[in-house]
Amino acid sequence: MAMPCLASKPLSRRHFLAAAGLAGAGAVAGSSILTGCSSSSSGRTTIRFMQNKPEAIGYFDDLVKAFNASQRDVVVIHDSTTTPLIPQFVRGTPPDLACYNYNLETSNFLARGSLTNLADLPEAKTIDPSLQSLVTQFAQFKSETGALPYSVTAAGVIYNKALFDKVGVQVPATWSELLAVCEAFKAKGIVPIQQTFKDTWTLSQGIFDYVSGSALDVSAFFKELKALGPGAGPGASVSFSKDFRGALTKMVKLLDYTNPDAPSRGYGDGNVAFAGGKAAMYLQGPWAIGEIVKINPKAQIGTFAMPASDNKEDVKVRVNLDLALWIPRDSPKQAAARTFLHYLMQPSVQSKYNAANLAWSTTRNAPPVTDAHVAGLQPYLQNGKFYQGAGTYMPTAIPVNNYLQELVISKNAARFLDKLDSDWARFARRSV
């Protein structure tokens, strides 16, 4: 049996864990990682491709099979396990290529220079600059391009078209219009907004991100907050208590129009209730649409951007860099990894994936999304009016989801904001 090759210049355990903001190395213990370093007996180079988005595993399995059958130089092994990334980098055994959700964890690898610069690839020049900026909003290493956006999901307010027609209301374009629509449904005995407080992540990606995204410039806020370093806190020039207060006031107001059983309802319950016509609007992303349609194939639903301002120009859409392509700098299979990256970035391959998953391709000339379920968000993506949710900027050291669960029950916005300021200040001091 061939011995696995060793990655060159692995990061030290202490240095990398410190950069990732971990207090200890417990996450490393007991993990099992494939090295993907061997070459097949036929002389083809074998690479390990990591993509573990649950609903897309079968899709990428088929892509890998098609690619492996199309040429004789590279063999791709699809690693769909949930092995954490940090132990892989610490041990010097990261995947050769990843098509992975781009978030704070991944940005730590980029910030430390652990990802290969892909700026020389022809594909890098095809990426829409406004979508490439989603990567640099989290982190940057020199002027390198360490990750290429592959798939962007846009999330807004899912709404029941039949109920809107029944009550005779239009899709709201401003905050005042949204409140008027909520009042109209409430007067007819229809729950205006379906929410699920039991699963805390639905609060972060939902009401918290949606309202704050149109109420303030989220990216600019976190950029200024990070620049304060250890000077961050309740009395600083930039703070949650100061800058998020208006958004929190609006969040609490929307709670007046939420289903009474929200505290005991989880994500699955919300999908079932909305599919059954129990509410007019639902604060969820496109991932919920597939589940709703499975439950009720006849559901007439669409999506609109959450308007948290009375200025229509302020309204934006929450986006998530659902998948980004990156190659670890320590992978010894750079050329082979790039070969498969080229394949994945073919317009026919990339666009087909995104169309099948109600997502947007990231290139300048990508076809528009026309699926009626999410087409209402197309103008915002097309005009660069989007943002990454405030919750996505939060380090795991700050339990914002738990705080949100307390907020929606207590409706005490001041206490919620004070906690965020205090926690961020402690996090900033520890990160120095």
Side-chain angles (χ1 to χ4, degrees), residues 4-29 31-37 45 47-53 76-77 79 81-121 123-124 127 132-150 226 321-341 344-345 388 392-393 395-397 430-432:
C5 60
L6 299 178
S8 61
K9 299 181 181 178
L11 290 173
S12 73
R13 177 190 183 95
R14 178 190 62 79
H15 199 181
F16 195 90
L17 290 176
L22 298 182
V28 178
S31 64
S32 177
I33 305 169
L34 296 170
T35 64
C37 286
T45 302
I47 64 169
R48 180 164 66 94
F49 167 62
M50 189 169 189
Q51 194 296 127
N52 59 4
K53 185 178 172 67
V76 176
I77 296 174
D79 180 1
T81 65
T82 56
T83 305
L85 287 173
I86 289 175
Q88 299 185 51
F89 276 87
V90 171
R91 293 182 172 183
T93 56
D96 297 296
L97 172 68
C99 192
Y100 208 79
N101 175 245
Y102 191 82
N103 51 27
L104 277 179
E105 179 189 27
T106 315
S107 74
N108 285 327
F109 307 135
L110 186 148
R112 296 302 306 169
S114 300
L115 304 184
T116 296
N117 184 12
L118 303 176
D120 63 310
L121 293 179
E123 290 83 358
I127 303 294
Q132 185 66 51
S133 72
L134 298 177
V135 173
T136 56
Q137 284 174 12
F138 283 138
Q140 180 70 36
F141 181 74
K142 300 179 180 179
S143 58
E144 295 186 359
T145 302
L148 298 181
Y150 190 76
K226 291 174 183 177
L321 192 41
D322 209 39
L323 293 175
L325 291 163
W326 45 266
I327 299 172
R329 201 180 296 272
D330 282 343
S331 169
K333 305 295 182 66
Q334 297 284 326
R338 288 179 176 225
T339 297
F340 189 46
L341 184 151
L344 293 175
M345 283 294 294
Q388 295 187 102
T392 65
Y393 288 85
T396 55
R430 290 199 305 266
S431 300
V432 175

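- Side-chain contact between Phe138 and Thr106 is absent, with no heavy atoms from C-beta onward closer than 4.5 Å.
- Side-chain contact between Pro95 and Phe49 is absent, with no heavy-atom pair separated by less than 4.5 Å.
- Within the 3.5 Å criterion, the main-chain N or O of Leu121 finds no donor-acceptor partner in the side chain of Arg338.
- Smallest separation of non-hydrogen atoms from Cys99 and Leu323: O-CD2, 3.4 Å.
- Asp330 is not listed as a side-chain neighbour of Ser114, based on a closest heavy-atom distance of 4.5 Å or more.
- Side-chain atoms of Thr116 and Gln334 include a donor-acceptor pair closer than 3.5 Å.
- Put simply, the side chain of Tyr102 does not reach to within 4.5 Å of the side chain of Pro149, judged on heavy atoms.
- Counting all heavy atoms, side chain and backbone alike, Gln137 lies closest to Lys226 at O-NZ, 4.2 Å.
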What do the steps show when you test Leu341 against Leu118 for side-chain contact (heavy atoms from CB on, under 4.5 Å), and what is the final call? CA-CA 10 Å; Leu341 184 151; Leu118 303 176; 4.2 Å; yes
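- In this structure, the side chain of Gln140 does not engage the main chain of Thr145 through any donor-acceptor pair within 3.5 Å.
- Using cut-offs of 30° and 60° for the angle between ring planes, the Trp326 and Tyr100 rings count as perpendicular.
- Across Gln388 and Tyr393, no two heavy atoms sit closer than the pair O-CE1, 3.5 Å.
- Distance check, rounded to the nearest 0.5 Å: CE of Met50 to CG of Asp96 gives 12.0 Å.
- To the nearest 0.5 Å, the span separating CG on Leu321 from OG on Ser133 amounts to 10.0 Å.
- A donor-acceptor pair is defined here as one N or O able to donate and one able to accept, closer than 3.5 Å; no such pair exists between the side chain of Glu144 and the backbone of Gly113.
- Nearest heavy atom pair, residue Pro395 against residue Leu104, reads N-CD1, 3.8 Å.
- The CD1 atom of Ile327 sits 8.0 Å away from atom CG of Leu325, with the distance rounded to the nearest 0.5 Å.
- Checked by atom type and distance alone, the side chain of Asp79 never pairs as donor or acceptor with a backbone atom of Gln51 at under 3.5 Å.
- Heavy atoms only, all atoms of each residue included: Ala336 and Ile47 are closest at CB-CG2, 3.5 Å.
- A pairwise comparison of heavy atoms in Gln132 and Leu148 identifies OE1-CD2, 4.1 Å as the closest pair.
- Separating the CG atom in Leu85 from the CD atom in Glu105 is a distance of 4.5 Å, to the nearest 0.5 Å.
- Here Asn101 contributes atom CG and Asn52 contributes atom CG; the two are 9.0 Å apart, rounded to the nearest 0.5 Å.
- Of the possible polar contacts, one joining the Tyr150 side chain to the Leu344 backbone as a donor-acceptor pair under 3.5 Å is found.
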